[in-house]
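A short write-up of the structure that comes next.
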Amino acid sequence: MTLPDGASRVYDAGVTGFEIAKDISSSLAKISIAIRINGELCDLSLPITQDSDIAIVTRKDDEALEMIRHDCAHVMAEAVQNLFPGTQVTIGPNIENGFFYDFARNEPFSTDDFEAIEKEMRKIVERNSQFVREVWDRDEAIAYFRGKGENYKAELIEDLPESESIKIYRQGEWLDLCRGPHMQSTKQVGTAFKLLKVAGAYWRGDSSKAMLTRIYGTAWRSDDELKEYLHQLDEAEKRDHRKLGNEMDLYHFQPEAQGSVFWHPKGYVIYNALEQYIRRRVNDAGYKEIKTPQLIDNKLWEASGHWGKYRENMFVVPDEIPSVDDDGPVVSEHAFEKLMALKPMNCPAHVQVFKQGITSYRDLPIRLAEFGCCHRNEAHGALHGLMRVRQMTQDDAHIFCTEDQITDESVAFCGLIKDVYSDLGFDDVRIVLALRPESRAGSDEVWDKAEDGLRQALIKAGLEFEEEEGEGAFYGPKIEYHIRDAIGRSWQCGTLQLDFVLPERLDAHYIGEDGNKHRPVMLHRAILGTLERFIGIMIENYAGKLPLWLAPVQCVVATITASADDYARDIYEQLKAAGIRAELDIRNEKINYKVREHSVGKVPNLFVVGAREAEEKTVAIRRLGSQAQDVKSFDEALAEIVDEAKAPF
RNA sequence: GCCGCGGUAGCUCAGUGGUAGAGCGCGUCAUUGGUAAUGACGAGGUCGAGAGUUCAAUUCUCUCUCGUGGCACCA
């Protein structure tokens, strides 16, 4: 056996990892939980029959967390079956920071059951049952699980490839089908686990199949790690844009317009600042901004293919003046013969703009940008604050170009998007090339060409990317830009999609050098994705403390005594005149009160003025997140804040 | 859309089979204070909607609706 440090040891064939660990040192044996044999993670109890490179895995190793969580899922499954006989087990994989297990039970679980389940889990851990691995005959295994009424498990075994042996892990009386590996005993799961939530989940992720009950849990090496993780969850909750949006008075939602934002003055400041910034960016990058209709006749959606592929997400309205008769139908029986739809995407409308007049190859590329307001009939359960809405504004644009120009345009876009994300505070960007989905328009040849076009552009731009099958849009492959926020979450925002289909379907063409008609290629692209969602991401990323140029209120002038009111009013007016979003707080309140209120309100700059400042024409600046009082002349402070409040572009 | 959990004052939430409470916020008054909550008083609620059970429902049951955690879908 060759150890990680290169040393080798000799054992009889059939020696187990545990025996080796014990042989190396008894203290190692105590903390060992698994073994890597030629790189593969295995049970310590597995007999080793050949010369191998081995490494004993202990609780301290990276793999330990995964094993603890997976074993914890088994412990939870047993606990649930002990407490709720008749519950069927299904699958229970690890996920980021924890695990879940899906159960089939007529009566779903509730979080009220957690206490009892956790208590039972602790008993099983304390029981210190060995995890024992067995290999069963396939048919016997199926018969066994069927006999126990475990139909889901039986189905899982039936679907395992013939080449796969059927592995069963026992822990005391209880057993489960499992690929393994497992630690030595339930005791090694430890005590640092907690059940977090219950949720419905479809069997095999298929909405036509049965709804199971999923229990989510988390497990860690130590109670301290668990505590730390729970603390992180609390912190993430504090950043929730729905909570902050409410506290900062940015926007609201109400049932009469579910999924659509009512922007309040302060929220709309952010919205406008961001829109203006993007407008300057795309103008600079050679785009022309346009605005296209909201409500468009169905004929165009049929021609574009949206009616066929996207209908279930569209709001469709009859093109008829409703009846004014109180008793009669609001629309006639013929209403549905002529339909219009609120646009769910801007692309067909942009093709219409492109198609006006005759375009020469000399005009290409043509880049049409729109802050396009789109409506999508999202499922009720999908709606989530600003992150998932029914009315959204995309920072959309379509580039019409020749095939030869695809690479240059794509490379240019990659540069633009990188600059924008960097300006907005996101430097960790993951790029995914999403390939053809099952339901799609266009021939395989066209898809081959489109996928390769984007791939080549990414290579030329020198960017690292991953490819994902089946994730593309129905009309073309796409590059997805995923940004990572301050607390490590990933969001898909920007996208670049190559489309040979739509220009064809909507018959767009340009006149080439040869004097003949040619089909342009269309690049769909967005940087923020949608303004709504991006603002939600920004709020959470900055925990509400937005960069100065986006802050709804950039400066509050707060007085200590009424004797400074006139001076405060004067400098407030000067700040406003200089373009600073300032507020004046001359309320009859103590300065402590004002400082607290504006700190909680995430105001970046507080200019505090009392009699002394009024006398000396200074301000005492208090910055958000700092206790320091920086006293300087107002003129200097004004120049500084004006400079600092400039947008990055 | 599916499964679970919720909806009580502007906000955050407590509570009860006999038509309601706290803190913050809001209003009035006093206080003019030096960097994260000054004090007193006051106003404010058909307890999400509808139906049922009951002498009596905010409370129990059902339906609907909206929100929420997931699933499915997705920017």
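Values in this document were obtained by computation on a predicted structure and should not be read as measured data. Reminder, nothing fancy here: chain letters follow the sequence lines and each chain counts from 1.
Within the nucleic acid shown, A:Ala611 comes within 4.0 Å of at least one base atom, counting heavy atoms only.
Near-neighbour residues of RNA chain B inside residues 82-102 of chain A, defined by a heavy atom below 4.0 Å, are absent.
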Checking A:Tyr101 against A:Phe99 for the ring pair (Phe, Tyr, Trp, His ring centres under 6.0 Å) test, could you report, in this order, the C-alpha distance in whole Å, the side-chain angles of both residues, the deciding distance, and whether it holds?
CA-CA 7 Å; A:Tyr101 211 114; A:Phe99 60 90; 8.7 Å; no
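No donor-acceptor pair under 3.5 Å is formed between the side chain of A:Arg242 and the backbone N or O of A:Gly385. The closest donor-acceptor contact from the side chain of A:Thr90 to the backbone of A:Asp102 lies under 3.5 Å. At least one donor-acceptor pair under 3.5 Å links the side chain of A:Asp395 to the backbone N or O of A:Leu528.
Within the 4.0 Å cut-off from OP1 or OP2 of B:C66, not a single side-chain nitrogen or oxygen of A:Gln254 is found. At the phosphate of B:U35, neither OP1 nor OP2 sits under 4.0 Å from any side-chain N or O atom of A:Asn592. Of the side-chain N and O atoms in A:Arg242, one or more sit less than 4.0 angstrom from OP1 or OP2 of B:G69.
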Using a 4.0 Å heavy-atom cut-off to protein, can you give one letter per nucleotide of nucleotides 70-75 of chain B, 5' to 3': B if the base is in contact, S if only the sugar-phosphate is, - if neither?
BBBBBB
Nucleotide by nucleotide, nucleotides 23-28 of chain B touches protein heavy atoms under 4.0 Å in the pattern (B base, S sugar-phosphate only, - none) --S---
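Taking the P atom of each, B:A43 and B:U53 are spaced 39 Å apart, rounded to whole Å. To the nearest whole angstrom, the two C1' atoms, one in B:U63 and one in B:A22, are 34 Å apart. Rounded to whole Å, the C1' atom of B:A51 lies 14 Å from the corresponding atom of B:U65. Distance noted for atom P between B:A56 and B:G10: 30 Å (whole Å). Across B:U16 and B:C73, the matching C1' atoms stand 42 Å from one another, rounded to whole Å. Taking atom C1' on both B:U32 and B:G48, the two are 46 Å apart, rounded to the nearest angstrom. Rounded to whole Å, the separation between the P atoms of B:G42 and B:A49 comes to 29 Å. Nucleotides B:G70 and B:C74 place their C1' atoms 15 Å apart, quoted to the nearest Å.
Applying the ring pair (Phe, Tyr, Trp, His ring centres under 6.0 Å) definition to pairs two or more places apart or across chains, those involving residues 415-434 of chain A are A:Phe426-A:Phe534. Each salt bridge (Lys or Arg N to Asp or Glu O under 4.0 Å) pair with one or both residues in residues 417-429 of chain A, not counting sequence neighbours, appears once here: A:Arg281-A:Asp423, A:Asp428-A:Arg484.
Scored by the ring-ring contact (aromatic ring centres under 6.0 Å, His included) test, A:Phe315 finds no partners at all (sequence neighbours excluded). By the ring-ring contact (aromatic ring centres under 6.0 Å, His included) test, A:Trp203 pairs with A:Tyr152, sequence neighbours left out. Take A:Phe84 and apply the ring-ring contact (aromatic ring centres under 6.0 Å, His included) test, not counting sequence neighbours, and it matches A:Phe109. Annotation: side-chain contact (heavy atoms from CB on, under 4.5 Å) contacts of A:Gln391 (sequence neighbours excluded): A:Ser260, A:Cys373, A:His375.
Rounded to a whole Å, the CD atom of A:Glu589 is 15 Å from the C1' atom of B:G34.
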N/O-N/O pairs, protein side and nucleotides 63-65 of chain B side, under 3.5 Å:
none

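For the pair A:Val608 and A:His380, nearest-nucleotide mapping onto RNA chain B gives the more 5' position to A:His380.
Checked against A:Val557 for a side-chain contact (heavy atoms from CB on, under 4.5 Å), the options A:Leu606, A:Asp570, A:Val609 give a single hit: A:Val609. The only option from A:Leu496, A:Val429, A:Ile527 that meets the side-chain contact (heavy atoms from CB on, under 4.5 Å) definition with A:Ile417 turns out to be A:Ile527.
Under a cutoff of 6.0 Å and an axis angle of 45°, A:Arg214 and A:Phe100 form a cation-pi pair.
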The dot-bracket string of RNA chain B, counting Watson-Crick and G-U wobble pairs with both distances under 3.5 Å, using [ ] for crossing pairs and | for pairs to another strand, is (((((((..((((....[..)))).(((((.......))))).....(((((..]....))))))))))))....
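Of all non-hydrogen atoms in A:Gly425 and A:Asn541, the two that sit nearest each other are O-ND2, 4.3 Å.
In the set B:G34, B:A36, B:G69, the nucleotide with an atom closest to the side chain of A:Ile591 is B:G34.
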Sequence neighbours excluded and cut-off under 3.5 Å, please list the side-chain donor-acceptor pairs for residues 612-620 of chain A, or say none.
unit_1: A:Glu613; atom_1: OE1; unit_2: A:Gly610; atom_2: N; d: 2.8

